[in-house]
Amino acid sequence: MKKFSEFRVGDTFFSTCSISDKELEEYLNFSRIRNAFLEEKQKEKQKLVSGRAILSRMEGEFTRLRQIYGNYIVLYGIDGDEEWKNRQTRFLRPVYTDQVMRLKFVISDKRDIDEEFGVISVDFEATFEDGELVLTSKRNLYRIKKEPPNR
C-alpha cells in the first residue's frame, strides 16, 4: 500500500476484469435500472453490459490494487477533462459479459485538502485484450486519508 505522500502524478497501475452474466444481473437488480434496450439485449447469449456497471467494476478493481487497498479512500467527485468541456467518460465500444478488459489507472493530479486528507485524480482506461480502446474516463477524484490506519 502506498501512502498519500508516496503517490506521484503519472503513477500507473494495471488490472484485468470481466463481468459475468450473474454479476451483471446482480448489478441491475441492485441499481434497479430499467432500460428497454438492455432488457431486449439480455436475450442474446452474451449480454450487453451497461456503462455504469463497467465504471463500477473499474472503481472496484482500482480500490483492490495492492498499492491502494488499506487506505481510507472514497470517491470524492468527478472533475472531467477541460479538453472535453469538463465531460468525464467516453464509451467507445460495447462490452458484453465475459469479455476480458485490461484496465489502466493513472494518477493525473494530487493535492492537499487539509492536514488530514488529500485528493488524487485518477484517469481510467479500459481496452480489450487485442488493444482496442473500450472506454476512457478522466479525473475521477478520490479523497484519501494522508496517514492510513495500519501501516
Side-chain angles (χ1 to χ4, degrees), residues 1-111 118-145 148:
M1 168 186 59
K2 285 184 155 196
K3 292 169 48 174
F4 177 77
S5 62
E6 297 171 318
F7 285 107
R8 302 286 178 257
V9 171
D11 283 354
T12 304
F13 312 104
F14 298 92
S15 185
T16 59
C17 75
S18 63
I19 299 172
S20 70
D21 288 342
K22 183 180 182 212
E23 290 168 325
L24 177 60
E25 183 179 330
E26 289 171 350
Y27 172 80
L28 293 172
N29 286 335
F30 167 77
S31 63
R32 300 182 50 89
I33 292 173
R34 292 288 312 227
N35 184 313
F37 181 73
L38 288 175
E39 290 170 7
E40 184 65 28
K41 292 288 184 183
Q42 300 305 313
K43 296 175 185 172
E44 297 177 0
K45 185 176 180 183
Q46 282 188 298
K47 298 172 181 160
L48 182 66
V49 179
S50 75
R52 292 269 184 205
I54 298 166
L55 283 172
S56 292
R57 173 54 61 86
M58 289 183 76
E59 181 180 7
E61 293 298 323
F62 175 70
T63 63
R64 297 169 81 75
L65 292 169
R66 67 176 173 74
Q67 299 91 337
I68 303 299
Y69 183 73
N71 282 297
Y72 282 0
I73 188 169
V74 67
L75 183 63
Y76 190 63
I78 301 165
D79 272 357
D81 190 316
E82 290 179 13
E83 293 178 17
W84 291 352
K85 298 181 182 175
N86 293 324
R87 295 181 188 114
Q88 180 226 9
T89 303
R90 293 286 183 268
F91 297 95
L92 305 168
R93 303 284 179 272
V95 174
Y96 295 89
T97 53
D98 298 321
Q99 283 188 295
V100 175
M101 293 178 287
R102 293 183 180 178
L103 311 179
K104 178 179 172 183
F105 306 100
V106 179
I107 306 296
S108 57
D109 192 26
K110 175 184 164 182
R111 63 181 186 267
V119 170
I120 56 173
S121 299
V122 184
D123 295 349
F124 293 175
E125 184 178 283
T127 59
F128 289 132
E129 291 179 296
D130 64 3
E132 183 180 20
L133 188 61
V134 174
L135 77 82
T136 184
S137 182
K138 305 278 184 123
R139 298 190 48 81
N140 298 278
L141 306 177
Y142 290 89
R143 182 177 185 230
I144 181 170
K145 192 167 179 131

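- With Asn140 contributing its side chain and Val122 its backbone, the two residues share a donor-acceptor pair below 3.5 Å.
- Judged purely by atom type and a 3.5 angstrom limit, Asn71 has no side-chain atom pairing as donor or acceptor with the backbone of Ile73.
- The backbone N or O of Val119 sits nowhere less than 3.5 Å from a side-chain atom of Ser121 that would complete a donor-acceptor pair.
- Counting heavy atoms from C-beta outward, Met101 and Thr127 have side chains that stay 4.5 Å or more apart.
- In this structure the side chain of Ile68 reaches within 4.5 angstrom of the side chain of Phe7, judged on heavy atoms.
- With rounding to the nearest 0.5 angstrom, the NZ atom of Lys47 is 6.0 Å from the CD atom of Glu25.
- A donor-acceptor contact shorter than 3.5 Å is absent between the side chain of Gln67 and the backbone of Lys2.
- Looking at every heavy atom in both residues, Pro148 comes nearest to Gly70 through CB-O, 3.9 Å.
- The residues Arg57 and Glu23 are annotated as salt-bridged, a charged nitrogen and a carboxylate oxygen being separated by less than 4.0 angstrom.
- Taken from CG in Asp21 to OH in Tyr96, the straight-line distance is 13.0 Å, to the nearest 0.5 Å.
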Next item on the list: Any chance you could lay out the side chain to side chain contact (heavy atoms under 4.5 Å, CB included) test for Arg66 and Met1, step after step, and finish with the verdict?
Entry: CA-CA 6 Å; Arg66 67 176 173 74; Met1 168 186 59; over 6 Å; no
Check: Do Leu65 and Ser15 pass the side chain to side chain contact (heavy atoms under 4.5 Å, CB included) test, and can you show the C-alpha distance, the side-chain angles, and the key distance before you say yes or no?
Finding: CA-CA 8 Å; Leu65 292 169; Ser15 185; 4.3 Å; yes
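- Geometrically, Lys110 engages Phe4 in a cation-pi contact defined by less than 6.0 Å to the ring centre and at most 45° from the axis.
- Put simply, the side chain of Leu55 reaches to within 4.5 Å of the side chain of Phe91, judged on heavy atoms.
- At a threshold of 4.5 Å between non-hydrogen side-chain atoms, the residues Leu141 and Arg111 count as touching.
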Next item on the list: May I have the step-by-step check of side chain to side chain donor-acceptor pair (under 3.5 Å) for Gln46 and Thr97, ending in yes or no?
Entry: CA-CA 5 Å; Gln46 282 188 298; Thr97 53; 5.0 Å; no
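- Across all non-hydrogen atoms, the minimal contact from Phe62 to Ile120 is CZ-CD1, 4.3 Å.
- Between Tyr27 and Arg52 there is a side-chain heavy-atom pair separated by less than 4.5 Å.
- Using modelled atom types, no side-chain atom of Thr12 and backbone atom of Val106 make a donor-acceptor pair closer than 3.5 Å.
- Looking at heavy atoms from C-beta onward, Thr16 lies out of side-chain contact with Leu103 at the 4.5 angstrom threshold.
- Expressed to the nearest 0.5 Å, how far CD of Glu132 lies from CG of Leu92 amounts to 9.0 Å.
- Looking only at distances, no side-chain donor or acceptor of Asn29 sits under 3.5 Å from a matching main-chain atom of Glu26.
- Between Phe105 and Asp11, every side-chain heavy-atom pair lies at or beyond the 4.5 Å cut-off.
- Counting only distance, with no hydrogens or angles, the side chain of Asp123 and the backbone of Arg139 share a donor-acceptor pair below 3.5 Å.
- For Leu135 against Ile54, the heavy-atom pair with the smallest separation is CD2-CG2, 3.3 Å.
- Of the N and O atoms on the side chains of Ser18 and Asp98, not one donor lies less than 3.5 Å from an acceptor on the other residue.
- Nearest heavy-atom pair, Val95 versus Val134, reported as atom, atom and distance to 0.1 Å: CG2-CG1, 3.2 Å.
- Within a 6.0 Å radius of CZ in Phe128, other residues, nucleotides and ligands contribute more than 12 heavy atoms.
- Not a single donor-acceptor pair under 3.5 Å links the side chain of Glu59 to the backbone N or O of Ser56.
- Using modelled atom types and a 3.5 Å distance limit, the side chains of Thr136 and Glu125 yield no donor-acceptor pair.
- Within the 4.5 Å cutoff, no side-chain heavy atoms of Phe14 are placed close to those of Arg102.
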